[in-house]
Amino acid sequence: MALPETSVITIERFIIEQERLYPEATGELSNLLYDIALGAKIIAAAVRRAGLLNILGSAGAMNIQGEEQQKLDVFANEALKNSMSHTGRVCVMASEEDEEVITTDGNGPRGKYAVLFDPLDGSSNIDNNNPVGTIFSIYRRLSMEGNGTLKDVLQPGRNQVAAGYIMYGSSVMMVYTTGQGVHGFTLDPTIGEFVLSHPDIRTPDSGMYYSVNESYFARWSQAMQRAVRGFHGDFPERIRAKNSRYIGALVADFHRNLVSGGVFLYPEETHKPRGKLRLCYEASPLAFIAEHAGGAATDGLNRILDLVPTELHQRTPLVIGSKRDVEFVAEILRESQA
Ligand code: AFP
């Protein structure tokens, strides 16, 4: 029997080694990332057992978006909050599942970071054993002391100090950036650790996939229809024709396109004038990752990381992935305005 590799780079080792590059680092951000990795492992264990335990289906409650919560949504939300609330590293959190910002418990010290997350994105996939994900975003606080405030979480995405996601798929992966490359770790279930598997991910300039819910085609603007026709192959002189792939779980669609090259779109449409996805804890963190991997992200025309949120749960149209493909959509939309 082959023995396991003994010199693997665990996420803990990697985070510590990256921190050594910054003499001024206090280690707080590193520890916070490690707290999130711990929360992810707890969620991963529950997702893995979802088919075995009787925890499938709806918890009966609606979240503040008016969507029915799945039990695992509730569990994932609690797991992340608990992994971060007692450490003194965080001053405020915000979650897709909570209407208001979440302040940390007790009278202990409040940390310098504000963390936003979507604890279990794509949760309607759970019943079908399809991938789901967690997305997180970290900012330095703007408020001076005590509990953090809404102001700390309503920052433009370009202020992020770190962002990442966890994908619970055929394997569990955590991908994050602190602005020094995008790095991917795969959970090795035999040792219970995230192990470096995808160092320094770079996304191709133009990709082979486009991912969009094409059943909404008739509800898009004519310009958006034209852009997607470009991905079908209608303008080969301008953009490479692509294959269609759409899972309906943002993290899984984004991850495939990040690694293999491609573009994900959730445009505005007549039934959803601002699209479906949330700026603060879905679009912004993934945009931060896309840009640090050489890709791009817009709301069709404007850079996601420059948008200044005014509400915690606000939605934005999203076009994200390979740089040339994202630019192509903006070109077509601009031409229609000319
Ligand atoms: P659920 O959490 O309700 O499954 O929504 C998932 C999601 O927010 C995102 O992960 C998908 O990319 C997108 O919605 C899919 O939406 P459509 O079903 O409208 O294509």
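Whatever order the structure lists them in is the order used to number ligands and atoms, beginning at 1.
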Answer side chain, backbone, both or neither: which part of Phe264 comes under 4.0 Å from ligand 1, heavy atoms only.
side chain
At a non-hydrogen distance cut-off of under 4.0 Å, which region of Ala249 contacts ligand 1 (side chain, backbone, both, or neither)?
backbone
Just checking, Lys272 and Tyr216: is the charged tip under 6.0 Å from the six-membered ring centre and within 45° of the axis?
yes
So is Ser123 polar-close to ligand 1, meaning N/O to N/O under 3.5 Å?
yes
Donor-acceptor contacts, no H, no angles, side chain residues 129-137, under 3.5 Å, sequence neighbours left out:
from: Thr134; atom 1: OG1; to: Pro119; atom 2: O; distance (Å): 2.6
from: Thr134; atom 1: OG1; to: Tyr168; atom 2: OH; distance (Å): 2.8
from: Ser137; atom 1: OG; to: Gln160; atom 2: OE1; distance (Å): 2.9

Between Arg324 and Ser322, is any side-chain donor less than 3.5 angstrom from a side-chain acceptor?
no
Consider ligand 1: state whether an atom of it lies below 4.0 angstrom from any non-hydrogen atom of Leu277.
yes
Less than 4.0 angstrom from a charged side-chain N to a carboxylate O is my criterion; do Glu97 and Arg278 meet it?
no
Side chains of Asp118 and Ser95 only: does a donor on one sit below 3.5 Å from an acceptor on the other?
no
Are any of the N/O atoms on Leu120, whether in the backbone or the side chain, positioned under 3.5 angstrom from an N/O atom of ligand 1?
no
Say whether Asp253 and ligand 1 are in contact under the criterion: heavy-atom distance to a ligand atom below 4.0 Å.
no
Regarding ligand 1, does Asn125 bring an N or O atom to under 3.5 Å of one of the ligand's N or O atoms?
no
Scan side-chain atoms only and decide if Arg256 and Ser211 contain a donor-acceptor pair under the 3.5 Å cut-off.
yes
To which of Lys276, Glu282, Glu214, Lys272 does the heavy atom nearest atom 5 (O) of ligand 1 belong?
Lys276
Give the single entry among Asp73, Asp121, Leu250 that approaches atom 8 (O) of ligand 1 most closely by any heavy atom.
Asp121
Where at least one partner belongs to residues 26-47, residue pairs that pass ring-ring contact (aromatic ring centres under 6.0 Å, His included), sequence neighbours excluded:
none
With heavy atoms and a 4.0 Å threshold, my read on which part of Asn213 contacts ligand 1 is side chain
